[in-house]
Amino acid sequence: MSMRLNKFLSSCGLASRRKCEEIILAGRVSVNGQTVQNLSTVVDEKKDKVCCDGKEMKLPTEFVYLKMNKPKGYACTASDEKGRKTIFDLVESDVRLFNVGRLDYDTEGLILLTNDGDFANLVTHPKYHFEKEYIATVEGEVKEGDLAVLRKGVVIDGVRMPTAKVKLLSFDGKWSKVSVIIDEGQNHQVRRMFEAIGKDIKLLKRVRIGDIHLGGLYRGKTKPLTAEEIAYFKKGM
Ligand code: URA
């Protein structure tokens, strides 16, 4: 079957389609021995030999879907340029996996891992509107006025952030816990939203993507998605 080079690489489990485009543009990919940087290149999985960083890319024979409770202090990348620990130090897998979307180094909670590029594309694409729910622990009391500003969409560097569903869960006299639900994820979006109202997040944890909850999964542990959970995401495909 012929397909665009980024789709082929992503189907091989290299990374999401968008990330594969960056890898192609960086000159790391060759087709039949020639470096290719043209994003509209089409390859035939049966005839063409595609390599990334000199390693041949092959379509997987089976797909893997995992959920992880990412601990704080791990980077969501296959190899961190600063030499920090990555979430892949926590996974044992015979197949090469990549993360579906990202969490910041200091954020913990639910992250999905797979070798299925179409699946990753589906879960992260804003078109499919899979909500992401975070619990932000913030020093001091977050007042109703602050929540109203967050709901409307704060303006950061002249750009209005998407609207968010926010709710104060508790305030114990020192710390507020706020549920924040967004369906697009711009870089550091939740932290930037709170910075815009003058609040610093002490701990940020993602507890849900769409209907899939973190549940009781221990920090640093992974477990396979159930057939129902996979089917839930794929019904949008
Ligand atoms: N928003 C953030 O600020 N950080 C994350 O890790 C995820 C969403």
Side-chain angles (χ1 to χ4, degrees), residues 15-16 18-19 66-82 84-91 97-114 120-140 142 146-147 149-169 175-215 217-222 233:
S16 67
R18 224 171 311 153
K19 181 85 187 144
L66 301 177
K67 64 176 170 179
M68 171 186 274
N69 184 351
K70 173 197 175 295
K72 190 176 162 156
Y74 284 79
C76 280
T77 173
S79 78
D80 186 61
E81 75 268 12
K82 296 184 192 147
R84 300 175 299 185
K85 289 181 286 190
T86 82
I87 54 171
F88 295 98
D89 297 332
L90 300 167
V91 198
L97 300 174
F98 57 88
N99 43 292
V100 178
R102 296 182 59 246
L103 289 176
D104 292 340
Y105 184 74
D106 282 332
T107 301
E108 60 177 51
L110 180 60
I111 182 121
L112 304 180
L113 307 174
T114 187
N121 201 43
L122 171 91
V123 177
T124 49
H125 203 294
K127 175 168 108 187
Y128 296 105
H129 298 290
F130 288 114
E131 285 183 346
K132 280 117 197 148
E133 180 171 1
Y134 298 84
I135 307 293
T137 305
V138 179
E139 189 159 14
V142 178
D146 296 323
L147 298 175
V149 173
L150 295 175
R151 282 185 193 119
K152 232 173 73 191
V154 289
V155 177
I156 300 171
D157 300 333
V159 179
R160 186 173 290 278
M161 290 280 120
T163 55
K165 293 182 201 159
V166 285
K167 191 166 72 182
L168 180 67
L169 300 175
W175 303 101
S176 298
K177 279 195 192 299
V178 184
S179 153
V180 180
I181 300 175
I182 52 179
D183 68 0
E184 287 177 43
Q186 305 192 7
N187 263 353
H188 316 301
Q189 184 173 327
V190 179
R191 290 178 196 278
R192 290 163 75 207
M193 284 164 57
F194 278 82
E195 262 167 42
I197 57 161
K199 304 266 183 217
D200 209 19
I201 291 182
K202 175 80 178 157
L203 180 66
L204 186 61
K205 176 173 183 171
R206 181 156 71 189
V207 292
R208 179 172 68 80
I209 302 173
D211 284 357
I212 308 307
H213 292 259
L214 180 62
L217 190 59
Y218 286 117
R219 253 191 216 118
K221 296 288 176 207
T222 51
F233 284 118

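None of the values given here were measured: they were computed from a predicted structure. Counting starts at 1 for both ligands and their atoms, in listed order.
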>> Please report whether the ring centroid of Tyr74 lies less than 6.0 Å from that of Tyr105.
In response: no
>> Quick check: do Leu66 and Leu97 have side-chain heavy atoms less than 4.5 Å from each other?
In response: yes
>> Applying the side chain to side chain contact (heavy atoms under 4.5 Å, CB included) criterion to Tyr134, which one of Lys205, Arg206, Arg208, Arg191 satisfies it?
In response: Arg206
>> Given a heavy-atom cut-off of 4.0 Å, could you list the residues near ligand 1 in chain and number order?
In response: Leu103, Asp104, Thr107, Tyr134, His188, Gln189, Val190, Arg191, Leu204
>> Between Val178 and Leu147, is there a side-chain heavy-atom distance shorter than 4.5 Å?
In response: yes
> Any Lys/Arg nitrogen of Arg84 or Asp80 sitting under 4.0 Å from an Asp/Glu carboxylate oxygen of the other?
Replying inline: yes
> Roughly how far, to the nearest 0.5 Å, is CD of Glu133 from CD1 of Ile209?
Replying inline: 11.5 Å
